[in-house]
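In what follows, a single structure is set out as structure tokens and then discussed.
Residue numbers begin at 1 in each chain, while the letters A, B, ... track the order of the sequences. This structure is a prediction, so every number in the text was calculated from the model and none was measured.
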Amino acid sequence: MREKIEKIIRNAIKIDPSEKITIEVPGRPEHGHFATNIAMALASKKRMPPRKIAEHIVSNIQDKEGIIEKVEIAGPGFINFWIKDEAWYKSLKLILDKRENYGRQDIGKGKKVMVEFVSANPTGPLHIGHARGAAVGDTLCRIMEFTGFDVTREFYINDAGNQIRLLGESIYSRFRQFSDPEYPFPENGYHGEYVIDLAKRISQERDLSSMKEEEAIGFCAERGKEILMEKIKEDLDAFGVHFDSWFSEKSLYESGLVEKAIKSLEEKGLLYEKDGALWIKTSQFGDDKDRVLRKSDGQFTYFASDIAYHMNKRERGFEQAINIWGADHHGYIPRLKAALVCQGFPENWLRILLIQLVKLWKGGKEVKMSKRSGEFITFRELMDEVGVDAMRFVFLTKSHDSTLDFDIDLVKRKDTENPVYYVQYAHARICSIFRKAEEKGVNYKEPDLEELSCLKLPEEIELIRNAVEFPYVLKEIINNLEPHRLTYYLTSLASVFHRYFNLGTNRPENRVVTDDPILTNARLSLSEAVRIVINNGLRLLGVSAPERM
RNA sequence: GCGCCCGUAGCUCAGCUGGAUAGAGCGUUGGACUACGAAUCCAAAGGUCGCAGGUUCGAAUCCUGCCGGGCGCACCA
């Protein structure tokens with residue numbers, strides 16, 4: 001619908017094709033179904049009063065398809081459009097025809113995109129911050145797939161640094177403490193309960209006491225990492241997040257990709273040696289200063305492997321990379337981007353979405369968490385306590401760049417405080433209407449356009465208008481990488497439906513199921529269309545759409 | 001000190017990239033079912049959009065400077 005109006009405007013006045021025309025849904029009904037400010041936007045460029053431009057546009061409008069009921073110029077120069085009911089009925093029919101594919105678009109045109117997210121260190125269980133990243137990342141992926149992108153979900157495993165060594169030391173120390181409580185624990189070791197569990201499990205699998213200390217620590221590190229990765233996979237699986245690929249940092253070293261990356265940078269003259277270390281000239285490309293790739297002790301830094309990793313992403317044919325990171329990594333962005341741009345990567349090849357921190361509340365108090373101190377509530381515990389649907393939905397009700405208060409007691413409540421039930425209830429309610437109709441002997445069938453024309457209530461047109469916004473909402477989400485808009489949209493669609501439904505509470509003639517078979521069928525069609533959109537939307541959120549609650 | 005994010009109703013947050021009278025949920029007050037499901041709906045009350053300038057026909061939105069809060073500023077990962 002928007003596209004059609006835009007086309008009509010472009011045909012009515014000469015506009016630079018690059019000029020953007022914003023078409024919005026006005027907040028007040030007397031301003032029409034759609035409005036544009038194009039006349040005001042062009043006023044200064046054309047040196048003409050906006051109302052004059054608007055008049056020019058309006059008088060040149062050619063409505064070949066006959067979708068426009070009325071056009072008005074209002075206020076300083078807005079052009080307001082009213083759409084004919086018939087055009088709305090056609091849109092409604094389109095939803096019914098496309099069903100689970102309604103909203104599917106080819107914005108991406110098959111573009112190969114890698115979305116890397118969660119990427120938690122395998123040194124402990126996932127926590128609530130990871131959960132937020134998982135929810136946002138996975139929903140973004142689902143929406144991108146639905147809009148024509150070829151998406152790969154990847155989890156980057158940081159298994160190369162000394163944190164894995166530290167994990168091994170922590171496990172080994174716990175093992176020794178079983179027999180010798182005085183055995184020292186590593187200074188920055190991992191204190192969580194899970195380390196003790198790992199020590200128990202690993203010592204049952206293998207006789208650690210017969211091994212040399214070094215060997216035992218190495219074994220604990222390797223095995224501990226494996227077990228934790230399994231748990232991470234299980235948790236994500238239960239959350240409905242399935243990665244296509246798990247990429248090990250260690251493998252970058254083993255396959256020589258880090259060396260190769262360094263060599264390539266060297267050939268481009270981007271490296272130099274200073275104080276026994278190898279540096280990269282990122283400061284010339286937007287970073288605060290140059291960075292070390294190889295320390296004076298000969299070890300590569302994490303940054304080196306990260307550069308190699310992103311070069312490898314591109315070599316694997318990805319035309320775009322999206323990384324979803326915790327906000328505490330923001331300082332790292334300029335250097336990574338600089339390192340890629342300096343070797344000729346397109347400016348926006350890598351896009352990074354920062355997810356702000358989550359504050360966990362329980363019993364009216366903030367729960368402070370730290371992996372080192374071992375005081376935390378795990379992702380798994382939360383998921384078991386509040387449920388996947390509520391969790392995924394709540395994480396997407398806030399913009400990703402705003403910190404989020406996650407109140408367990410609140411999210412757990414299965415009542416009106418929880419927006420996920422509001423949307424799910426609308427879905428269940430529609431299913432219930434269909435059950436009721438069947439009980440009454442109504443046979444619902446696909447409507448033709450003619451029949452839909454009995455939908456005359458303003459609330460009915462309003463409902464169609466809201467439902468057909470769905471594809472546009474998805475488009476906006478993709479353009480801005482703001483998946484949280486979907487929950488707002490669904491909540492508002494559910495609201496419009498609930499209001500419509502309640503028209504029938506005291507007035508049977510306004511119910512969906514009435515004595516008039518044609519009207520009933522048309523209203524069932526409308527309800528079905530709403531159900532389809534809610535169902536498609538919830539699917540993209542990874543939230544279930546129950547038929548009963 | 002420098003950088004990034006946030007500051008909107010009592011609370012938690014949206015605000016369609018500069019538009020018309022700033023929205024939702026919760027909370028408060030008052031209403032609507034012998035039922036197409038009340039997990040819903042209707043109504044009321046509640047705002048100097050952190051502060052001060054600037055840009056223009058027009059600013060919660062863009063720019064500058066302050067003030068608060070969070071997070072970063074390694075030859076760690």
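- When the C1' atom is used for both B:A24 and B:G46, the distance is 14 Å, rounded to whole Å.
- At a cut-off of 3.5 angstrom, the base of B:U17 holds at least one donor-acceptor pair with the side chain of A:Asn480.
- Across the strands present, B:G46 finds no partner; the criterion is a Watson-Crick or G-U wobble pair with both atom distances under 3.5 angstrom.
- Mapping A:Leu404 and A:Arg28 onto RNA chain B by nearest heavy atom places A:Leu404 at the nucleotide closer to the 5' end.
- A:Asp389 and A:Tyr421 form no side-chain donor-acceptor contact under 3.5 Å, judged by distance and modelled atom types alone.
- Between B:C41 and A:Tyr422, a contact under 4.0 Å exists linking OP1 or OP2 to a side-chain N or O.
- Regarding A:Ile5, its CD1 atom lies at a distance of 20 Å from the P atom of B:C16, rounded to whole Å.
- Using modelled atom types, one side-chain atom of A:His310 and one backbone atom of A:Asp306 make a donor-acceptor pair closer than 3.5 Å.
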**Item:** side-chain contact (heavy atoms from CB on, under 4.5 Å) evaluation trace for A:Phe393 with A:Thr139
**Value:** CA-CA 10 Å; A:Phe393 198 92; A:Thr139 295; over 6 Å; no
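- When each of B:A20, B:A14, B:G37 is scored by its nearest atom to the side-chain atoms of A:Tyr488, the top-ranked nucleotide is B:A14.
- Residue-level contact check: A:Glu30 touches the bases, meaning some heavy atom is under 4.0 Å from a base atom.
- Nucleotide B:C67 is shown with an anti base, its glycosidic torsion being more than 90° from 0.
- The existence of a salt bridge linking A:Arg294 and A:Glu273 is confirmed by a sub-4.0 Å separation between a basic side-chain nitrogen and an acidic carboxylate oxygen.
- B:C41 has no base stacking with the ring of A:Phe501 when judged by centroids under 5.5 angstrom apart and an interplanar angle below 30°.
- Salt bridge annotation for A:Glu116-A:Lys313: present, with a cationic side-chain nitrogen under 4.0 angstrom from a carboxylate oxygen.
- With both pairing distances under 3.5 Å, B:G37 is matched to nothing as a Watson-Crick or G-U wobble pair.
- Across the strands present, B:G18 finds no partner; the criterion is a Watson-Crick or G-U wobble pair with both atom distances under 3.5 angstrom.
- At whole-Å resolution of the value, NE2 in A:His33 and P in B:C16 are 22 Å apart.
- Between A:Arg429 and B:A38 there is a side-chain N or O to OP1 or OP2 distance below 4.0 Å.
- Distance from the side chain of A:Arg499 is smallest to B:C41 among B:A38, B:C41, B:U17.
- Across all strands shown, B:C13 is found opposite B:G23 as a Watson-Crick or G-U wobble partner, with both distances under 3.5 Å.
- Within the nucleic acid shown, A:Gly504 comes within 4.0 Å of at least one base atom, counting heavy atoms only.
- Here the P atom of nucleotide B:C36 and the CD atom of A:Glu460 are 17 Å apart, to the nearest Å.
- A syn orientation is assigned to B:U17, its glycosidic angle lying within 90° of 0.
- Residue A:Ser399 is classed as a sugar-phosphate contact, given heavy-atom separations below 4.0 Å to backbone atoms only.
- Pairing for B:A52 is with B:U64, a Watson-Crick or G-U wobble pair whose two hydrogen-bonding atom distances lie under 3.5 Å.
- At a threshold of 4.0 angstrom between heavy atoms, the contacts of A:Leu357 are confined to the sugar-phosphate backbone, with no base atom among them.
- We find that OH of A:Tyr500 is positioned 16 Å from P of B:C41, with the value rounded to whole Å.
- Summarising the geometry, the separation between CD on A:Gln356 and P on B:C13 is reported as 12 Å, rounded to the nearest angstrom.
- If you take CD1 of A:Ile21 and C1' of B:U17, they are 16 Å apart, rounded to a whole angstrom.
- Rounded to an integer number of Å, the gap from A:His498 NE2 to B:C42 C1' is 15 Å.
- Here B:C13 presents its P atom at 13 Å from CZ of A:Phe406, a figure rounded to the nearest Å.
- Nearer the 5' end of RNA chain B, as judged by each residue's closest nucleotide, is the contact made by A:Ser432, out of A:Ser432 and A:Ala494.
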**Request:** List the protein contact pattern of nucleotides 54-62 of chain B with one symbol per nucleotide (5' to 3'): B for base contact, S for sugar-phosphate-only contact, - for none; contact means a heavy-atom distance under 4.0 Å.
**Result:** ---B-----
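- Within 4.0 Å of A:Ala74, counting heavy atoms only, lies at least one base atom of the nucleic acid.
- A donor atom on one side chain and an acceptor atom on the other are not found under 3.5 Å apart for A:Asp516 and A:Thr514.
- Residues of residues 516-534 of chain A that place a heavy atom closer than 4.0 Å to RNA chain B do not occur.
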**Prompt:** Could you write nucleotides 72-77 of chain B as a row of B, S and -, 5' to 3', where a protein heavy atom under 4.0 Å of any base atom gives B, of only sugar-phosphate atoms gives S, and otherwise -?
**Reply:** S--BSB
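- For A:Arg429 and A:Phe501, the positive end sits near the middle of the six-membered ring, less than 6.0 Å away and at most 45° from its axis.
- A:Ala437 comes within contact range of no nucleotide atom at all, as no heavy-atom separation falls under 4.0 Å.
- Here A:Glu459 contributes atom CD and A:Ile464 contributes atom CD1; the two are 12.0 Å apart, rounded to the nearest 0.5 Å.
- For A:Asn506 against B:A35, no side-chain N or O and base N or O form a donor-acceptor pair under 3.5 Å.
- Here A:Phe78 packs flat against the base of B:A20; its ring centre is closer than 5.5 angstrom to the base's six-membered ring, tilted by less than 30 degrees.
- Across every strand in view, B:G72 sits in a pair with B:C2 that passes the Watson-Crick or G-U test at under 3.5 angstrom.
- Comparing the same atom, P, in B:A22 and in B:G30 gives a spacing of 28 Å after rounding to whole Å.
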